[in-house]
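Everything numeric here is computed off the predicted structure, so don't read it as measured data. Chain A is the first sequence line, chain B the second, and so forth, proteins listed ahead of strands; every chain is numbered from 1. Both backbone and side-chain heavy atoms feed into the values below; hydrogens, waters and symmetry mates do not.
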Protein chains: 2
Amino acid sequence: MKLSEAKQQFISTWGAMGTHWGINRTMAQVHALLLIAPDPLTQDDIMAQLNISRGNVNMNIRDLIDWGLVDRVLIQGERKEYFTAEKDIFKVATQIIKERKKRELDPMMKLMDQLSKVEGDRRDKEVKVFVDTVTGIKKFGAHANDMLDVVVKSDENWFLSTALKLFK
Amino acid sequence: MKLSEAKQQFISTWGAMGTHWGINRTMAQVHALLLIAPDPLTQDDIMAQLNISRGNVNMNIRDLIDWGLVDRVLIQGERKEYFTAEKDIFKVATQIIKERKKRELDPMMKLMDQLSKVEGDRRDKEVKVFVDTVTGIKKFGAHANDMLDVVVKSDENWFLSTALKLFK
DNA sequence: ATTAATTTTCAAAATATTTTGAAAATTCGG
DNA sequence: CCGAATTTTCAAAATATTTTGAAAATTAAT
């Protein structure tokens with residue numbers, strides 16, 4: 001397979017995958033493009049390569065920066081802004097996990113705490129099932145939280161990788 | 001907080017969360033409704049409680065069954081079909097993880113294998129960055145795969161929970 | 001076999017999301 | 001400070017997704 005073909009394939013698959021992960025196709029494609037770009041790119045480069053409008057590039061780049069996945073870089077003597085993506089996939093994953101914990105898991109757990117304090121008699125079936133469900137989610141959330149911390153903190157830790165396999 | 005209010009809140013939040021996880025709002029809401037229902041529900045029950053059309057309920061129930069999160073139950077003497085959701089959240093998570101591994105992670109890894117065989121000189125910067133990125137994703141995928149297996153196989157395993165905390 | 005209850009399908013309508021592109025705002029060299 | 005280059009914004013247009021609802025298919029009781 002030719003490099004140009006492989007790049008296309010990579011960008012398009014990464015984009016499709018993005019939609020399964022709650023980010024939009026274009027944002028994921030911009031990210032993919034930057035991931036495999038040896039040097040920083042400008043908005044115009046991205047527009048040209050992905051065939052999308054300036055406004056679109058601008059918005060998606062901004063979101064990627066918010067997610068901590070892309071950085072602006074200033075190239076001396078150049079007026080234009082350049083953009084570059086973190087290339088280390090473990091760092092990328094770490095960043096995504098951190099953000100999603102903050103944006104999704106934490107608020108969800110806070111809500112479950114509240115909901116578990118619902119009024120009503122525990123002997124009422126309706127109440128019992130509700131509280132049990134919410135409690136189950138809280139427990140799972142705590143477990144997931146621990147797991148994710150391990151992923152985030154361990155990166156390519158060899159010992160951990162080995163340890164994990166013991167549990168399989 | 002009243003039970004009815006808490007239920008509403010739960011359903012609506014679970015639905016919103018679904019959109020961040022690549023499933024649609026309604027499917028997540030139907031799931032939420034079934035999670036906190038003490039007894040199996042019919043399509044009509046779901047239509048009434050969520051205010052959605054019959055066709056919509058039907059399609060989303062089918063998807064939930066495909067995901068292995070909901071089961072049809074036959075109630076003796078009744079003509080209608082009833083539906084019930086797995087209530088154990090750890091089992092729910094296990095099921096979701098298994099499915100998503102199969103639907104997303106596995107194909108992605110297969111593609112990365114192909115892409116890593118791209119032709120071209122490794123001393124070419126373009127080629128190098130591309131191959132390095134793809135290789136990084138493969139490594140991460142393997143790691144993620146192991147982690148997820150641990151989650152799936154360990155469930156509420158106390159020892160594991162404790163062990164995980166050591167790595168934090 | 002007939003029929004009424006129930007489920008499924010799917011084209012069209014409604015809704016939601018994404019994209020565009022041109023105008024406004026900002027930045028910066030001279 | 002001026003003006004050209006660049007970035008940002010955002011309403012409107014394009015596109016994509018979800019929902020509806022009625023017709024078709026299926027099911028099961030009589």
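- If you walk DNA chain C from 5' to 3' and mark each nucleotide with an atom closer than 4.0 Å to a heavy atom of chain B, the marks span C/dA4 to C/dC10.
- Regarding A/K80, its NZ atom lies at a distance of 11 Å from the P atom of D/dA5, rounded to whole Å.
- Sequence order on DNA chain C of the closest nucleotides to A/I23 and A/G55 puts A/I23 first from the 5' end.
- Of the possible polar contacts, one joining the A/T133 side chain to the B/L35 backbone as a donor-acceptor pair under 3.5 Å is found.
- Using a 4.0 Å heavy-atom criterion, one finds that A/N24 contacts the sugar-phosphate atoms exclusively.
- Remark: B/K87 engages no residue in a salt bridge (Lys or Arg N to Asp or Glu O under 4.0 Å) (not counting sequence neighbours).
- Toward the 5′ end of DNA chain D lies the nearest nucleotide of A/R54, the other residue of the pair A/R54 and B/I52 mapping further downstream.
- Screening residues 40-62 of chain B for salt bridge (Lys or Arg N to Asp or Glu O under 4.0 Å), with sequence neighbours left out, gives B/D44-B/R54, B/D44-B/K80.
- Pairs engaging residues 125-136 of chain B under the salt bridge (Lys or Arg N to Asp or Glu O under 4.0 Å) rule: A/K7-B/E126, A/D39-B/K125, B/K128-B/D132 [sequence neighbours left out].
- Panel note: side chain A/T13, backbone A/F10; no donor-acceptor pair is recorded below 3.5 Å.
- A/M47 places none of its side-chain heavy atoms less than 4.5 Å from the side chain of A/S53.
- Whole-Å rounding puts the A/F83 CZ to D/dT6 C1' distance at 11 Å.
- Under a cutoff of 6.0 Å and an axis angle of 45°, A/R100 and A/W21 do not form a cation-pi pair.
- The residue among A/Y82 and A/R25 whose nearest nucleotide of DNA chain D lies closer to the 5′ end is A/Y82.
- Within residues 58-76 of chain B, the residues having any heavy atom under 4.0 Å from DNA chain C are, by residue number, B/N58, B/M59, B/R62, B/R72.
- Residue pairs meeting the salt bridge (Lys or Arg N to Asp or Glu O under 4.0 Å) criterion with at least one partner in residues 20-36 of chain B, sequence neighbours excluded, do not occur; the list is empty.
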